[in-house]
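Only a predicted model underlies this, so the values are computations on that prediction, with no experimental measurement involved. The figures here come from the full heavy-atom set of this structure, side chains too, leaving out hydrogens, waters and symmetry mates. In the text below, chain A, chain B and the rest are named by the order of the sequence lines, each starting its count at 1.
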Protein chains: 2
Amino acid sequence: MSLPHAILTALVEKPSSGLELTRRFDKSIGYFWSATHQQIYRELGKLERDGLIRALPSPVPARGQKKEYEVLPDGRAELARWTAAPQEPKTLRDPLLLRLRSAAVVGTDGVDTELRRHLDLHRQQLETYRDIEKRDFPPERDAVPDRLRRAVLQAGIDLETFWVEWLERTLSELDR
Amino acid sequence: MSLPHAILTALVEKPSSGLELTRRFDKSIGYFWSATHQQIYRELGKLERDGLIRALPSPVPARGQKKEYEVLPDGRAELARWTAAPQEPKTLRDPLLLRLRSAAVVGTDGVDTELRRHLDLHRQQLETYRDIEKRDFPPERDAVPDRLRRAVLQAGIDLETFWVEWLERTLSELDR
DNA sequence: TAATGCATGTAACGAGTTACATGATTTG
DNA sequence: CAAATCATGTAACTCGTTACATGCATTA
């Protein structure tokens, strides 16, 4: 159950409307937890019903009208509880690895094209992360929250680096 | 839609019953695509209805009786199609990274305990993969299918290595 | 006023998870 | 024969995805 907590985190950082949240997920948050606007609206409804967030008072409460949410004390408490609670690490589940395994039994025709395409995409993503690193993390920012956010970005950089190197090696293994 | 293709791959490797598949997923296949027996039975039903697999003729077709499946030509064709077809890389979506981001706003109390626990688990998993490597991939096995299967295992090893190193670094960042 | 963009939603579906149910076979 | 184990399933729920619907505001 991570989506509600992703939303709570975003709203603690800054109260927002559904669409603003969607845009923020498309940018920074979505790099490690993506969500569509449909998911976000559905979850905002639940969080409000459960008393974890509330809509800021607005003169015109109608459809098509912007609606800002903020986190209530119960929501902040739930977020703190969830953040430190024991959770099992996500088990690996990756379609590309599965496809290589299946290529071992049905043949490798066309697989290398896909591997090369993925290599390109991962190189692009790696570049994007490096740009964010330059832009958002100058050396002078070194408080604990900055170090945490930086560690998260570093995980993204390391994972993309892994994919790039692994794909390069696997492609050269296939060409032998 | 990866589960049906994971099952097709497993059945091409070796015709099996539902429970045998479940055990095989718990061992090798599940290391990069896990599935429970409920998912497997449901999917076997669909694959049979769609004419991609068939149950081997059996004298006693009753509940509680073992039922073996094999892949039909249509199933093999579909598997080959899917293996080479363009698919987008999975976007990163990891609860632990999300929790670090939220720790940046609600505080880091108790987070280090979780990080240490995960570090332990990833070290164990890495050891498991290295054991499989020694057992299943002696240097003399070097045909293309072997190289592919080995590349998949290598991805698992590299990913666990990433987690171990990243967690070590992040923990020392937090302790500073 | 027609079209475009902003903003909030609904509906339907597929996939994964958890809990439970049922029959057959082995073994103490 | 009772209990444990093997084997196959059902049911209910959550989460993520895709497609579509509705209302308001701006501007060409």
Worksheet entry | Secondary structure of DNA chain D in dot-bracket form (Watson-Crick or G-U wobble, distances below 3.5 Å, | marking inter-strand pairs) | ||||||||||||||||||||||||||||

In whole Å, what is the span from the [atom1] atom of [X] to the [atom2] atom of [N]?
X	N	atom1	atom2	answer
A/E88	C/dT17	CD	C1'	15 Å
B/L19	C/dG23	CG	C1'	14 Å
A/H5	D/dC15	NE2	P	10 Å
B/E68	D/dC6	CD	C1'	14 Å
A/K67	D/dT22	NZ	C1'	15 Å
A/L21	C/dA7	CG	P	12 Å
B/L56	D/dA7	CG	P	16 Å
A/H37	D/dG16	NE2	P	15 Å

Using modelled atom types and a 3.5 Å cut-off, is there a donor and acceptor pairing between side-chain atoms of [X] and backbone atoms of [Y]?
X	Y	answer
B/W166	A/A151	yes
A/T83	A/L79	yes
A/R117	B/Q87	yes
B/R93	A/F32	no
A/T128	A/Q124	yes
A/E165	A/F162	no

For nucleotides 11-15 of chain C, give me every protein contact, N/O to N/O, under 3.5 Å, one pair per line with atom names.
none

Which atom pairs, one a donor and one an acceptor, fall under 3.5 Å between side chains of residues 5-16 of chain B and the rest of the protein, sequence neighbours left out?
unit_1: B/H5; atom_1: ND1; unit_2: B/M1; atom_2: O; d: 2.8
unit_1: B/H5; atom_1: NE2; unit_2: B/E78; atom_2: OE2; d: 2.8
unit_1: B/T9; atom_1: OG1; unit_2: B/H5; atom_2: O; d: 2.8
unit_1: B/E13; atom_1: OE1; unit_2: A/R101; atom_2: NH2; d: 3.4
unit_1: B/E13; atom_1: OE1; unit_2: B/R24; atom_2: NH2; d: 3.1
unit_1: B/E13; atom_1: OE2; unit_2: A/R101; atom_2: NE; d: 3.0
unit_1: B/S16; atom_1: OG; unit_2: B/K14; atom_2: O; d: 2.9
unit_1: B/S16; atom_1: OG; unit_2: B/R24; atom_2: NH1; d: 3.1

Fill in: Hphob cluster co-occupancy, B/L121 + B/I157, side-chain heavy atoms under 4.5 angstrom
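No, B/L121 and B/I157 fall in different hydrophobic clusters.
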
For residues 129-137 of chain A, dump all side-chain donor-acceptor pairs below 3.5 Å to protein atoms at least two apart in sequence or in another chain.
unit_1: A/Y129; atom_1: OH; unit_2: A/Y31; atom_2: O; d: 3.4
unit_1: A/E133; atom_1: OE2; unit_2: A/R150; atom_2: NH2; d: 2.9

Worksheet item: In residues 6-18 of chain B, which ones come under 4.0 Å of DNA chain D, going by heavy atoms?
Response: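 Hits under 4.0 Å, by residue number: B/S17, B/G18.
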
Practice prompt. Using only side-chain N and O atoms of A/Y41, determine if any of them is under 4.0 Å from OP1 or OP2 of C/dT8.
Written response: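 Yes, within the criterion.
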
Fill in: Residue-phosphate contact under 4.0 Å: A/K66 side-chain N/O, D/dA25 OP1/OP2
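For D/dA25, neither OP1 nor OP2 has a side-chain N or O of A/K66 closer than 4.0 Å.
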
Worksheet item: In terms of ring plane angle, is the pair A/H122 and A/H118 parallel, tilted or perpendicular, where the classes change at 30° and 60°?
Response: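 Correct class here is tilted.
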
Worksheet item: Out of D/dA7, C/dG9, D/dT8, which has the shortest distance to the side chain of B/R23?
Response: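 Comparing D/dA7, C/dG9, D/dT8 against the side chain of B/R23, the answer is D/dA7.
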
Worksheet entry | salt bridge (charged side-chain N to carboxylate O under 4.0 Å, His left out) contacts touching residues 31-54 of chain B (sequence neighbours left out) |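 Non-adjacent pairs meeting salt bridge (charged side-chain N to carboxylate O under 4.0 Å, His left out): B/R54-B/E70.
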
